[in-house]
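Here is the structure we will look at.
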Amino acid sequence: MLDPLGGEGKFVCILNGADLHVVLSPIARTPYHANIVGLYLEQEGLARVEMLAGPNCRIETQGWSVKGGGYYAALPHERKIRFYGKSTAFGRYARKLLVPFQETLPQRLGLPGFTLSLE
């Protein structure tokens, strides 16, 4: 769940078949987008991930792929969460994957009543 009182950080879009996982994390916890991928997939028991030198990783379990990433900012006074920018390791997030979830994703992230802005 995000802290709506000014939550900021990075996010990644991870795909397994038709299942899209949008994972957000504060920069202090995961300085690289690859850290988000590794921590999420391994802690959830979904896939095995090998962390590589620098800000990279390799998902060893078949069927999983990273479809980009970026940054997020929760703006409580505007009741909005912004997705923007790109990941150096994985590239810009795949906007077309997020558009179908644009209305429901804020609720799933623990921000009911917020709108999602894809920039």
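Every heavy atom of this structure was used, including side-chain atoms; hydrogens, water molecules and symmetry mates were not. For the single chain, residues carry numbers from 1 onward in sequence order.
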Could you pull out every donor-acceptor pair under 3.5 Å between side chains of residues 37-47 and any protein atom, sequence neighbours left out?
unit_1	atom_1	unit_2	atom_2	d
Tyr40	OH	His21	ND1	2.7
Glu42	OE2	Arg48	NH1	2.9
Glu42	OE2	Val49	N	2.9

Can you name the closest pair of heavy atoms from [X] and [Y] and give their distance?
X	Y	answer
Gly85	Arg92	O-NH1, 3.1 Å
Lys86	His33	O-CE1, 4.3 Å
Pro31	Asn35	CD-OD1, 3.4 Å
Pro55	Ala89	O-CB, 3.3 Å

Query raised in the report: Which of these, Leu98, Leu105, Ile14, sits in a side-chain contact (heavy atoms from CB on, under 4.5 Å) with Leu20?
Result: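 Option passing the side-chain contact (heavy atoms from CB on, under 4.5 Å) with Leu20: Leu98.
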Query raised in the report: Listed by chain and number, what are the side chain to side chain donor-acceptor pair (under 3.5 Å) partners of Gln102, not counting sequence neighbours?
Result: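 None.
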Query raised in the report: Among all residues two or more places apart in sequence or in another chain, which pass the side chain to side chain donor-acceptor pair (under 3.5 Å) test with Tyr32?
Result: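 By the side chain to side chain donor-acceptor pair (under 3.5 Å) rule, Tyr32 matches no residue at all.
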Query raised in the report: Of all residues at least two apart in sequence or in a different chain, which pass the side-chain contact (heavy atoms from CB on, under 4.5 Å) check with Ser25?
Result: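 Arg29, Thr30, Ile36.
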Please set out all donor-acceptor pairs under 3.5 angstrom arising from side-chain atoms of residues 109-119, sequence neighbours excluded.
unit_1	atom_1	unit_2	atom_2	d
Ser117	OG	Glu119	OE2	2.8
Glu119	OE1	Arg82	NE	2.9
Glu119	OE1	Arg82	NH2	2.8
Glu119	OE2	Arg82	NE	3.0

Query raised in the report: If you group Ile, Leu, Val, Met, Phe, Trp and Tyr by side-chain heavy-atom gaps below 4.5 Å, do Phe101 and Phe11 land in one group?
Result: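 The answer is yes; both residues are in one hydrophobic cluster.
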Query raised in the report: Hey, what else clusters with Tyr71 if you join Ile, Leu, Val, Met, Phe, Trp, Tyr whenever side-chain heavy atoms sit under 4.5 Å?
Result: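 Members other than Tyr71 - counting any ILVMFWY side chain reachable under 4.5 Å - are Ile27, Tyr84.
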Query raised in the report: Between atom OH of Tyr93 and atom CZ of Phe83, what is the distance when rounded to the nearest 0.5 Å?
Result: 8.0 Å
Query raised in the report: About how many Å separate CZ of Phe90 and OG of Ser65, when rounded to the nearest 0.5 Å?
Result: 10.5 Å
Query raised in the report: Under 6.0 Å from the CD atom of Gln62, do we count more than 12 heavy atoms belonging to anything else shown?
Result: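 Counting neighbours around CD of Gln62, 12 or fewer heavy atoms of other residues, nucleotides or ligands fall under 6.0 Å, so no.
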